[in-house]
Amino acid sequence: MFKNISAFTLLLAILFTAGNLHGESVFISGYARNYTGMLLNDTREYSIVQNTFDLKFEHSRNSVAFKANPYFYQYFDKDLKIGLREAYLDILFDKMDIRMGKQQIIWGKADGVFITDIISPKNLSEFLLPDFDEIRMGVTALKADYYLGDHTFEAVWIPAFSATVTPDTGSIWYKTLSFPIAPIFDDSHKEITPSLQNSELFGKFSAMTSLIDFEVMGGYAWDDDPTMHIQKSINPATQQLSGITLLPQHHRLSIGGGSFSTTVGAFVLRGEGAYYSGKYFLTDNPTAIDGITDKNYLHYLFGVDFNIGDTRISSQFIQQTILDYDEYLKNDEFENTATVLISRTFMRETLKIELFSYIGLTNEDALIRPKLTYDFTDGFQFLLGVNIFTGKDGRFAQYDDNDMIYFKVRYSF
Amino acid sequence: MIRKIQVVILATLIVLPVLSFAMDKISGLQIIENVYNRQTGNDQQADLTMSLINSRGDERVRTIRQFTKDFGAMEKKIMFFKTPADVRNTSFMNWSYDDENKDDDQWIYLPALKKIKRISSDSKSDYFMGSDFTYDDLGDRHPSQDTHKLIGEEMINGENCYVVESISKDEDYMYSKTVIWIIKDKWIGLKKDFYDEDEDLLKTLTVKKFEQISGYWTILSTEMHNVQKNHTTRMQLENVKIDTGIADNQFTERMMRRGL
C-alpha cells in the first residue's frame, strides 16, 4: 500500500514539476469533494463517507497531447484508494486522430442506460449511484478516428479485457443468487488471459448533420458481466443435493447496433438499439449444462427531450427482449424500463432542482433520485439528494433497504 | 409683385425642408435590414468574458473562446468554455440559417459525460448561462419576424441615431416591443430597450465599445441591465480577429470533443 502511495506521489511530483523544468505549463484542473450518505432505515448508518481528490493534467505541443487523470478516494473505514481514471496520448493528424492508453470511450445517445455504450466497463460497486464519469472505467485501448467532413470512422482495439467491477462482499450493494444450500465460489475460470486472441475490437461510423445525428456500430467483445455457471453435486446415496459450485465466467459477445438523435420542432427525439449474439442466461432446463443457455437478445430505447416553460423534461423507454425465448429461462422474455428526468434552474442557474428516476415497468420497482444543487460561488457547489428504492422484486427493489440521503460538497479548480 | 415674391419665398422655406426630409426618409424596416446585413467579415474569432453581477454587486465571471464562420446560407458558431472550472471544456455549437423558417441546429458537449447531445433551439427565451441575455438576444433576429417603425432620431454619446420600435408578429414572443437606437452611418445598435408582456421596461442593452477591425465595425463591449431585478451582465470581446480563414473543420464534432 505504502509502496503504491510512494509511486503515485512520485508520479504527481513529476507531473507537477515537468512544466516548470521545460518552461512549459501543464494545465492542471480537478476537484476536491466530500460525499456523505446516510441510510434512511432504522440503523441510520452511514452508507458512504468519502473524500475525493480528482486531478487532471493536460499538455499539448504541436500535434501531440497527453492527459492524465489520477484520483484518490479516502474513506474512514477503508484503505485509501488511488488510481488513474484516464492516462493517454493523442497524436493528431490532418484528418485522423490516434489515442492510445487508458481512456473512457462513450458511444450512443442514451442517458443512464448502456446499450451500444459497452466499451468502457462499469464500476457498479455502488450500483448506479455515482456520477457517470465515475461509473465508467477507463480501459487501455488504441483508438483511431478518421474524419470526412461531418462523418467519422472510429476503430477501437482493446488488447486486454476488463470486467465490470461488482460490489465487495459485505457491501450494502452486494447481492447474490439464493440457493437451498450455501454455494462454493470457484473463480478459476473468471479471468481472461491477456493475449491477442482474447482482445476486443469495435468499429463505429457516425455523422452529425442538420437533419439527424446517427451512429452505426459493431463489436467483437467479451461480456463485461460474468455468467454464473452453476454446478450441482448430488449425493448418490440419498439422491439429494449435496453441493453447489458457482463458476463465474465471461463469454464472447458479438454486437451490432446504432443510435440517432434528431429535432422535431421543440422536441429532441433519440433512439438506440443493439443486437447481442452469444449472451448467456440462467435456465431451469434440466438438460442445460451448468444451468445456463445462450440466447441472442435485443436491447433498445426511444427517448424524447423537451421543455415546458423553464422546466426541462427527458424521458426514455427501454426494452430488453430475449429472442427464441423458452419457458425455462429465469429472465422474463421482455424487460421494460423507463427513465424520467425533470429539472429546472433558479436564481440565474445557481440553484437547480432535479428529479431522475429509473422505473422498472416489468417488476413495478423504481429508483427515485430527487436532488438539489446550489452553486455557492463559481466552482463551489453543494448538493443534497435522496435515493429511494421501491418495489417488491427487480433490479431496484432488491435495494429497498438502501434508501439514503446524501450530501456532496465540491470545490472545482 | 413684391407680395407674390414674398409668398413664393415663404412657401419655398416651408416646403423645401419637408421635401428634403421626405427624400431622406427611410423606413424602420430598411434601417433594421441595414443593421442585419451589415458586413461583419467572413469569419471571426475572439475571447468572450461574460460577467454576471447581481443586485448586491457580487460578480461571477465566465470566459469563452468562440469562433464564427459564414458558410453562405448558413452561419456556424462554436464556443469553448474556459472558466469557471466546473464547466471547463464544455463546448456549444450552433448552426443558423438564412432561411427564417429553419430552426437553428444546436449541440452541447459535456466533458463529464464525454457526450455530444443535440439540443432543441426552440427555447429562445431561455437565458444563456444564467446571464441577462436570452438565446434570442444573442442571435441574429431576422427583420421579417417583427414590424418596425421609425419613431424618431436622437443623439446618444455624440452619435446621431435612428430610433426604431419593433413589435413581434408572433403574439407569444417574450417581449411586447423593443426600441433600438441605431447609429446612422454605421448601422450599429447603440442601445436597446426590451419591454415585457405588460409593456413595462424589462431590460436595457447598452453598447459600451465598438471599433473598426479589419475594416468592419465590431461591437466589443455590451452591458445588459435588467431594471426589474436590478442585475446586469457585461460581455466583453478581446483578441478579436476577423477574416483569418478559419478552417471549415473547426465547426465539427471532432473539435467539440477536442476543445482548445
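Quick caveat, the model's predicted, so the values are computed rather than measured. So you know, we letter chains A, B, ... as the sequences are listed, proteins then strands, and number each from 1.
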Contact class of B:Met255 relative to chain A, heavy atoms under 4.5 angstrom: neither
Against chain A, label B:Asp105 side chain, backbone, both or neither, depending on which of its atoms sit under 4.5 Å from a heavy atom there. side chain
NZ/NE/NH1/NH2 to OD/OE distance under 4.0 Å, A:Asp145 and A:Lys95: no
Chain A-proximal positions within residues 222-242 of chain B [heavy-atom distance under 4.5 Å]: B:His231, B:Thr232, B:Thr233
Between B:Phe251, B:Trp107, B:Trp95, which residue shows the highest count of heavy-atom pairs closer than 4.5 Å to chain A? B:Trp107
Between B:Lys114 and A:Asp133, is the closest basic N to carboxylate O distance under 4.0 Å? no
Does anything in residues 51-62 of chain B reach chain A? List residues with heavy atoms under 4.5 Å apart, or say none. B:Leu52, B:Ile53, B:Asn54, B:Arg60, B:Val61, B:Arg62
Non-neighbouring partners of A:Phe153 that pass ring pair (Phe, Tyr, Trp, His ring centres under 6.0 Å), sequence neighbours left out: A:Phe205
Kindly confirm or rule out a cation-pi arrangement of A:Arg410 over A:Tyr31, judged by NZ or CZ under 6.0 Å from the six-membered ring centre and within 45° of its axis? yes
Chain A contact residues among residues 74-85 of chain B, heavy-atom distance under 4.5 Å: B:Lys76, B:Pro84, B:Ala85
Name the region of B:Ser131, side chain, backbone, both or neither, that has any atom closer than 4.5 Å to a heavy atom of chain A. backbone
Would you mind telling me which of B:Asp248, B:Asp104, B:Leu113, B:Ile116 has the largest number of heavy-atom pairs within less than 4.5 Å of chain A? B:Leu113
